[in-house]
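For reference, the structure discussed in these notes is given below.
Reminder, nothing fancy here: chain letters follow the sequence lines and each chain counts from 1.
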Amino acid sequence: MTSPDTSAPARPVAPERYNAKETEPRWQQAWEAAGIYATKNDDTRPKYYVLEMFPYPSGRIHMGHVRNYAMGDVVARYKRARGFNVLHPMGWDAFGLPAENAAMERKVNPRDWTYANIATMRGQLQSMGLSLDWSREIATCDPDYYKHQQRMFLDFLEKGLVTRRTAKVNWDPVDHTVLANEQVIDGRGWRSGALVEQRELTQWFFKITDFAQDLYDALDGLERWPEKVRVMQKNWIGRSEGLEVRFVVEAPPPGIAPDVKVYTTRPDTLFGAKFLAIAADHPIAASLASSRPGLQSFIEECRRTGTAQAAIDTAEKLGFDTGLKVRHPLDPSWLLPVYVANFVLMDYGTGAVFGCPAHDQRDLDFANKYGLGNTPVVCPETEDAATFVITDTAYDGDGRMINSRFLDDMTPAEAFDAVANRLEAEVLAGTPVASRKVQFRLRDWGVSRQRYWGCPIPIIHCDACGPVAVPVADLPVKLPDEVSFDVPGNPLECDHAWRNVPCPTCGAPARRETDTMDTFVDSSWYYARFTAPWLQDAPTDRKAVDQWLAVDQYIGGIEHAILHLLYARFFMRAMQVTGWSGVSEPFDGLFTQGMVVHETYKDAAGAWVQPADIRITAEAGERQAFHVKTDAPITIGAIEKMSKSKKNVVDPDDIIASYGADTARWFMLSDSPPERDVIWTEDGVQGAARFVQRVWRLVSLAAATTGGASANDAGLRKAAHKALASVEEDVERLRFNRCVAHIYTLANALDEALRGGVEAGVAREAAGILTLLVAPMMPHLAEECWQALGREGLAAQAAWPVADRSLLVEDSITLPVQLNGKKRADVTVPREADKVEVERLTLADEAVQKALEGRAPKKVIVVPGRIVNLVV
RNA sequence: GCGGACGUGGCGAAACCGGUAGACGCACGAGACUUAAAAUCUUGCGGCCGCAAGGCUGUGCGGGUUCGAGUCCCGCCGUCCGCACCA
């Protein structure tokens, strides 16, 4: 026997190190075997639907997924522990261009490529230990999913929510396809690099504008959405209130309409009008083109600059005087010139504006260029109306009306109403001169894509009958299995066997629609499908949809703030019209998480180097990087979003293999607030890994201790219940970084108590609470701890502990004492002491007396439980 | 240009309704244990002065309100994000 070590305090022998590699798969199997994450619709507990944005099956998961799904899983596990019937499903946003690119580059079938990726990524997600109901898994490229989407397309068509019309689109002449605006970079196709053309194509549209007002108004009710996202959607929908005014054309030439309609939000400034400007595509411009020399080429020039998005920023305001004159609506004797101008858009308002140079910068630039002058009609309160002039900066603020006849001295708002009232009452050729209008910036949603790997639009084109809906009984219109990308463009167009079908109405030879739907359609209703994904003959079950929706907590990236989240809101409304849903808003709570960012590294040649190849030294606080293989010095660059091109990526598989899923999850949830970016660092991961070991060690020690009653008992109990109450509060608000801090604090308290001696039952209670607090974040570790503590069942099924609030109130409290706002002393008073008592105890305090230096305070401010401030 | 968010130690951050600024973690320093390393433990850590007790100062900058301001108000500076010829 060796002599006892007197230098170190007596402690039980440390347990074996926690081995995540061994425990994690074991517990994943245990959960799977117990089937505890499969959710039933017939369950009497209150429902809670938590959903993370489903991934595109690109091949492998990345750290952004880990962060996103770790957050969702914390919520799901927490709510389950709180007694909710939790729906937490997962699926695949599986249609899209990368599959076609892979098909072209690697000669694989897009379907095979996609399903192989899904298999890989499903395995990766399962290795994270997420509490997902895999029995509800869906893939949008599965005919069992998209046949319902086709059905809804036909329903929308029947209800007038789908139209077909020609529209200008971005056309890539090399790839033979339409590009979304986001896919056009500096006027070129993002993949081919070809100059994008504007083409008129016949397209299918979802009439999202039918719901513009409601989509706008309902944003105010989405209180659990980030303010930022609501503002972005409001700006995107772009509601404005104005007046549509008719300007009568003086002596109209043949073929020219008798008046020009103008939409304006500033009818109050009408007396400052100097010109009218119409779009290059305006019917009047087209009619005049042949009779006005130079106009045709000007129109063409406008169209060219219109295509190059980047050029718009710097484009000069250009106009062409048509020679046409219109009469001022408030004074028929006042004639205004009509220009064709390159800054007027045909698809907003009426395609014509009146120019008021004094109060609109763009109009002023234009007027100054063409010598049209300006007349200020709104005078700021700080200026003298007699001397107020505008030279090269327009004034768009508030003030008083001047130079405006019957409007003089009114505010612009009053003038707006006065003009609107007068012109609405005035009738010309049977109709009022003006009418109030609400305008939206939002355009209808063009869903036609000239691609193979998407949901086929269920329409058959017949020469005699026109576009005919595919009968519901014939759905799905399945994509052909065999596909060739040898010919540029959409392979469906060349697949005659697939394309040529008889007309469902007359039986004559006809052709299938070869366009497929925008993949944003697929993701617009998947959350509704999750409520009853087993249904074969209908997209949704009304009972299930109304039971589960809205999603209580939706979590995803801010990049979907507008498109996906707006389309989904539209879709719910359209599904309400067609009877597939009883609710209009899909997501009650929305959380947009930050990105995962990492340092970048470059070698001497300027090539990016991946973190796995870097060795960092920190001598005297100076961080230096070297290549692991060559030892060559490496430059440490900016911290940026993880991206393949900059090679600053860390593969979740590597982290899970070397540290375990719990470590990766814990690190993703600690440090940064969830809405902010988190910096991935090797030090941070190691810190997380150390904490995993620490929890295991502490819980094991607590399980093994035989300590009797101790002075530390009350303190530890208090710490445990305090941590419990705090974590509860913060997890409800998704403040995971704060939860982490509370858990660390409890771990410190438990550590100290075990070291100083603590009663065994108290230690085990605290360890049990620690285990359950950790469980939503590190579920595998929690199971292992739960078992070590000898508790029944699975930690994943354990009820959330109840915080004993009586432990949280202190018997006595220590208040800071300030002298003229500066802290000078602390005073300890009984919890129930009233103001008078606190004041008495404060003034009796030795340190306070010393600080007062014999002075008597003029005023004593006591904020119970907070502070005492003495004013001398 | 329009709209929004943010600015706190070496770093990530915390601070509720205006009430002890820097909880918690990372990094770093000193020490213990070790043949050594890792792990673990003790301890220090905004700045300045001081052996210490303690004092002064400090939340981007300048003002203001208040007994009291990181927090509220006014004016700047800076960073990031979104939209952008929207009439």
Mate of B:rA39 across any strand shown (Watson-Crick or G-U wobble, both atom pairs under 3.5 Å) is none

Quick note, A:Tyr348 side chain, CB onward, closest among B:rA87, B:rG68, B:rC24 is B:rA87

In Watson-Crick or G-U wobble terms, with both distances under 3.5 Å, the base opposite B:rG58 is none

Of B:rG19, B:rC81, B:rC41, the nucleotide closest to the side chain of A:Lys228 is B:rC81

Atom CG of A:Asp683 and atom P of B:rA38 are separated, to the nearest Å, by 14 Å

inquiry  = Between the base of B:rC67 and the side chain of A:Lys858, is there a donor and acceptor pair under 3.5 angstrom?
reply    = no

So what does A:Arg824 hit on the nucleic acid, given a heavy-atom distance under 4.0 Å: a base, only sugar-phosphate, or nothing? sugar-phosphate

- Query: Under 3.5 Å, side chain of A:Ser700 to main-chain N/O of A:Trp696, donor-acceptor pair present?
  - Reply: yes

_If you compare every side-chain N and O of A:Arg690 against the phosphate oxygens of B:rC26 (OP1, OP2), does one of them come in below 4.0 Å?_
yes

Regarding the side chain of A:Arg694, the nearest nucleotide among B:rG68, B:rC85, B:rC41 is B:rC41

Side-chain N or O of A:Arg17 versus OP1/OP2 of B:rA39: is the shortest distance under 4.0 Å? no

Quiz item: Between B:rC72 and B:rC80, how far is it from one P atom to the other, in whole Å?
Solution: 24 Å

Pairing of A:Arg230 and A:Glu227 as salt bridge, 4.0 angstrom limit: yes

Report yes if at least one side-chain N or O of A:Arg230 is closer than 4.0 Å to OP1 or OP2 of B:rG3; otherwise report no. no

In whole angstrom, give me the gap between the C1' atoms of B:rA53 and B:rU8.
-> 29 Å

Open item on the list: For the aromatic rings, using the six-membered ring if either is Trp, is the centroid distance between A:Trp680 and A:Phe667 under 6.0 Å?
Closed with: yes

Under a 3.5 Å limit on both distances, the Watson-Crick or wobble mate of B:rG1 is B:rC83

- Message: Need one value for A:Val344: base, sugar-phosphate or nothing, where a base atom within 4.0 Å counts as base even if backbone is also close, heavy atoms only.
- Response: base

Would you confirm whether the ring centroid of A:Phe691 sits within less than 6.0 angstrom of the ring centroid of A:Tyr744? yes

Does the plane of the ring in A:Tyr339 sit parallel, tilted or perpendicular to the ring in A:Tyr370? Use 30° and 60° as the thresholds. tilted

With syn meaning chi within 90° of zero and anything else anti, the base of B:rG75 is anti

Roughly how far apart, to the nearest Å, are B:rG7 and B:rU71 at atom C1'? 14 Å

Testing B:rA87, B:rU42, B:rU20 for proximity to the side chain of A:Arg362, the answer is B:rA87

Are A:Arg866 and B:rC16 close enough that a side-chain N or O sits under 4.0 Å from OP1 or OP2? no

When both distances are under 3.5 Å in a Watson-Crick or G-U wobble arrangement, the nucleotide paired with B:rG70 is none

Judged by whether its glycosidic angle lies within 90° of 0, B:rC17 is syn

_Checking side-chain polar atoms at under 3.5 Å, does A:Thr600 have a donor or acceptor matched by the opposite partner on A:Asn648?_
no

Nearest-nucleotide check on RNA chain B, A:Tyr744 vs A:Ile861; residue mapping nearer the 5' end is A:Tyr744

Next on the checklist: Would you measure the distance from the C1' atom in B:rG78 across to the matching atom in B:rC67 and give it in whole Å?
Outcome noted: 34 Å

Atom NZ of A:Lys261 and atom C1' of B:rA87 are separated, to the nearest Å, by 17 Å

Partner of B:rU65 under the Watson-Crick or G-U wobble criteria, both distances under 3.5 Å, comes out as none

Among the nucleotides B:rA87, B:rC24, B:rA39, whichever has the atom closest to the side chain of A:Leu345 is B:rA87

TODO: Decide, yes or no, whether a salt bridge links A:Asp365 with A:Lys369 under the criterion of side-chain N to carboxylate O below 4.0 Å.
DONE: no

Of B:rC86, B:rU40, B:rA87, the nucleotide closest to the side chain of A:Arg441 is B:rC86

Given B:rA39, is OP1 or OP2 found less than 4.0 Å from the side-chain N or O atoms of A:Arg697? no

Paired to B:rC6 by Watson-Crick or G-U wobble criteria (both distances under 3.5 Å) is B:rG78

>> I'd like the C1' distance from B:rU20 over to B:rG70, given in whole Å.
In response: 14 Å

A:Trp236 atom CH2 is separated from B:rC2 atom C1', nearest whole Å, by 16 Å

A:Phe343 has its side chain closest, among B:rC56, B:rC85, B:rG82, to B:rC85

A:Phe691 CZ to B:rA39 C1', in whole Å, measures 17 Å

Any A:Asn737 side-chain nitrogen or oxygen under 4.0 Å from OP1 or OP2 of B:rG12:
no

Inter-nucleotide P distance (B:rC41, B:rC26), Å rounded:
11 Å

Separation of B:rG25 atom C1' from A:Ile679 atom CD1, nearest Å, is 13 Å

Out of B:rC41, B:rA13, B:rG19, minimum distance to the side chain of A:Val863 belongs to B:rG19

Whole-Å distance, A:Glu241 CD to B:rC86 P, equals 18 Å

Quick check on B:rG25: is either OP1 or OP2 less than 4.0 Å from any side-chain nitrogen or oxygen of A:Asn748?
yes

Q.
Taking the P atom in each of B:rG3 and B:rC74, what is the distance between them to the nearest angstrom?
A. 15 Å

*asked:* Measuring only the P atom in each nucleotide, how far is B:rC11 from B:rC61? A whole number of Å is fine.
replied: 15 Å

> Just checking A:Ser672: base, sugar-phosphate only, or nothing, at a heavy-atom cut-off of under 4.0 Å?
Replying inline: sugar-phosphate

**Study point:** Check: A:Arg694/A:Asn748 side-chain N/O donor and acceptor closer than 3.5 Å
**Key:** yes

Judged by nearest nucleotide, the residue sitting upstream toward the 5' end of RNA chain B, A:Asp671 or A:Arg266, is A:Asp671

In whole angstroms, the gap separating C1' of B:rG4 from CD1 of A:Ile562 amounts to 12 Å

Please confirm whether A:His328 and A:Phe271 have ring centers closer than 6.0 angstrom.
yes

Against the side chain of A:Asn869, the closest entry in B:rC41, B:rA87, B:rG19 is B:rG19

Inspect the contact between A:Asp220 and A:Lys234 and indicate whether a charged nitrogen and a carboxylate oxygen are less than 4.0 angstrom apart. yes

Regarding the side chain of A:Lys823, the nearest nucleotide among B:rA87, B:rU20, B:rA14 is B:rU20

Whole-Å distance, A:Asp268 CG to B:rA87 C1', equals 13 Å

